[in-house]
2 protein chains.
Amino acid sequence: MEKYSIAIIEDHTLLSEAIAEVINKFDLFKVDFLCKNGAELIETLKTKSAPKIILMDVNMPIMNGIETTKWLSENYPDVYVIALTVEEDESTILKMIRAGAKGYLLKDVDKKTLEIALIKTIETGFYHSNIVVDVLVNSITGKSNTKEALKDTEIEFLKLLCSEMTYKEIANKMNLSPKTIDGYRDNLFVKLDVKNRIGLVIYAIKNKIFTC
Amino acid sequence: MEKYSIAIIEDHTLLSEAIAEVINKFDLFKVDFLCKNGAELIETLKTKSAPKIILMDVNMPIMNGIETTKWLSENYPDVYVIALTVEEDESTILKMIRAGAKGYLLKDVDKKTLEIALIKTIETGFYHSNIVVDVLVNSITGKSNTKEALKDTEIEFLKLLCSEMTYKEIANKMNLSPKTIDGYRDNLFVKLDVKNRIGLVIYAIKNKIFTC
DNA sequence: TCAAAAAAGGGTGTTTTTCCTGTCCTAGTT
DNA sequence: AACTAGGACAGGAAAAACACCCTTTTTTGA
């Protein structure tokens, strides 16, 4: 019987190579190829046929897991994307699910669980560990949703805040009037319940909008 | 011929299991046991004999890589500790080396490099990737050494900077005049080569003086 | 297609931060 | 006793950040 093909998208070479070895020992699966980021995946798919399942890291340089998953949902809707990552914060999980991930596994699962997840995904179309279910439940019961309301410009703005630029310089870089920037800031003060720029910077770092 | 025994200390189960598979394919090495953190390692060493090499993650709950390495240097000085981690910031690398690590590998190495590192460590007693050498050279040529020279009050001050307090409030909390605080700040601007409070905050977080 | 909402920009005043220069005191040196 | 270095602190000015309230332009969706 033909084994199901799998691709691993993960920037840490050793980890992806090692996981590949593990998967190749499973009866039903074999690893087809590895990529270091989303851009590389897109390149690869020009010459190779798509795998059945893609194991996707979330934090990658160049093109991260969320963007890549979104791209796959549009261009290869039949491919099952399973997130495999250390990020267990609510917003990351929600973003991946929204982007179209069919599963979400933390890197501290064991081999057996990984195999079960792969099999369930083939059989039923999805597999989610308990953490994810928790988050989803919280999310609809309204608890702690918050952050989701941030717009793209606000995200961009928050990133620029985490530098030594003044507001005037940031306005310049974003091609907006300093006054508009003032508005962005004041909105975020209210929305995120902080009092000054330092609060915004800490928020951005805490929520991985900006990574040091 | 007897293979060299290796232990892996790493909190992400899948990763340690996967790396174990990789290592078990190497001619000269076999994995003896896995632990999820330093405390578990200490427990394990009460009943099992020490391995030749320990691959050590740095970020772990309960007892992290640095503490664990320090403990090993004192209690099992013959064991080679190799750090295997994603942290590539100067201070972490220096801390691990000081704690007694004989090697420092980033998780994006490939299998071949891992094998070479293990062999070199057995043969010569150490193996360091290029990044580490860079950091060490910088460290003695004086460049970017910086942080080491920070005084206790400065550390304390940097921590307080990472809050929404004004300088006046910080001065109050430190029982010093706001003008003294001004001096602290201006000194740090020069010493750390940054232009404003945001720069100090980013520095503090980057160097783990303040953790979000 | 037109009204409502959202985004962008503006005016003005206060507070905080940043950047100077310079004094006083203490401790260690010679 | 004079000399030096560094920490604590001050005054004052200029720049940036923050606050509040208001207008114009763009988008949107009913």
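Each chain gets a letter, A, B and so on, in the order its sequence line appears, and its residues count up from 1.
For the pair A/S177 and C/dA8, the criterion of a side-chain N or O lying under 4.0 Å from OP1 or OP2 is not met. Using a 4.0 Å cut-off, no side-chain N or O of A/T166 falls inside it from OP1 or OP2 of D/dA16. Between B/Y167 and C/dT18 there is a side-chain N or O to OP1 or OP2 distance below 4.0 Å.
You won't find any donor-acceptor pair under 3.5 Å spanning the side chain of B/K179 and the base of C/dG22, going by distance alone. Taking 3.5 Å as the limit, the base of D/dT27 and the side chain of A/K151 contain no donor-acceptor pair of atoms between them.
The separation between A/E164 atom CD and C/dC19 atom C1' is 15 Å, rounded to whole Å. Taking atom CE of residue B/M174 and atom C1' of nucleotide D/dA8, one finds them 12 Å apart after rounding to whole Å. Put simply, CG on A/N172 is 16 Å from C1' on D/dA16, counting in whole angstrom units. Atom P of nucleotide D/dA8 and atom CG of B/N175 are separated by 12 Å, given to the nearest angstrom. Taking atom OH on A/Y184 and atom P on D/dC18, their separation rounds to 17 Å, with Å as the unit. Atom P of nucleotide D/dC18 and atom NZ of B/K168 are separated by 15 Å, given to the nearest angstrom. What separates CD1 of B/I198 from P of C/dT17 is a distance of 10 Å, to the nearest Å. Taking atom CD1 of residue B/I181 and atom P of nucleotide D/dG11, one finds them 17 Å apart after rounding to whole Å.
Between the side chain of A/N130 and the backbone N or O of A/V133, no donor-acceptor pair lies under 3.5 Å.
Counting any heavy atom pair closer than 4.0 Å across all strands shown, B/R197 reaches sugar-phosphate atoms only and no base atom. When heavy atoms are screened at a 4.0 angstrom cut-off, A/N196 is found touching the sugar-phosphate backbone but no base atom.
Heavy-atom minimum distance, A/D11 versus A/N59: OD1-O, 3.6 Å.
Both B/L176 and B/D182 lie close to DNA chain D; mapped to their nearest nucleotides by heavy-atom distance, the more 5′-ward contact belongs to B/L176.
Contact annotation: the side chain of A/K120 never approaches that of A/H128 to less than 4.5 Å [non-hydrogen atoms, C-beta and beyond].
The side chain of A/T180 has C/dG9 as its nearest neighbour among C/dA7, D/dA17, C/dG9.
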Worksheet item: Could you go step by step and tell me if A/F126 and A/Y104 meet the side-chain contact (heavy atoms from CB on, under 4.5 Å) rule?
Response: CA-CA 9 Å; A/F126 69 95; A/Y104 198 102; over 6 Å; no

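Atom OH of A/Y4 is surrounded by 12 or fewer heavy atoms from other residues, nucleotides or ligands within 6.0 Å.
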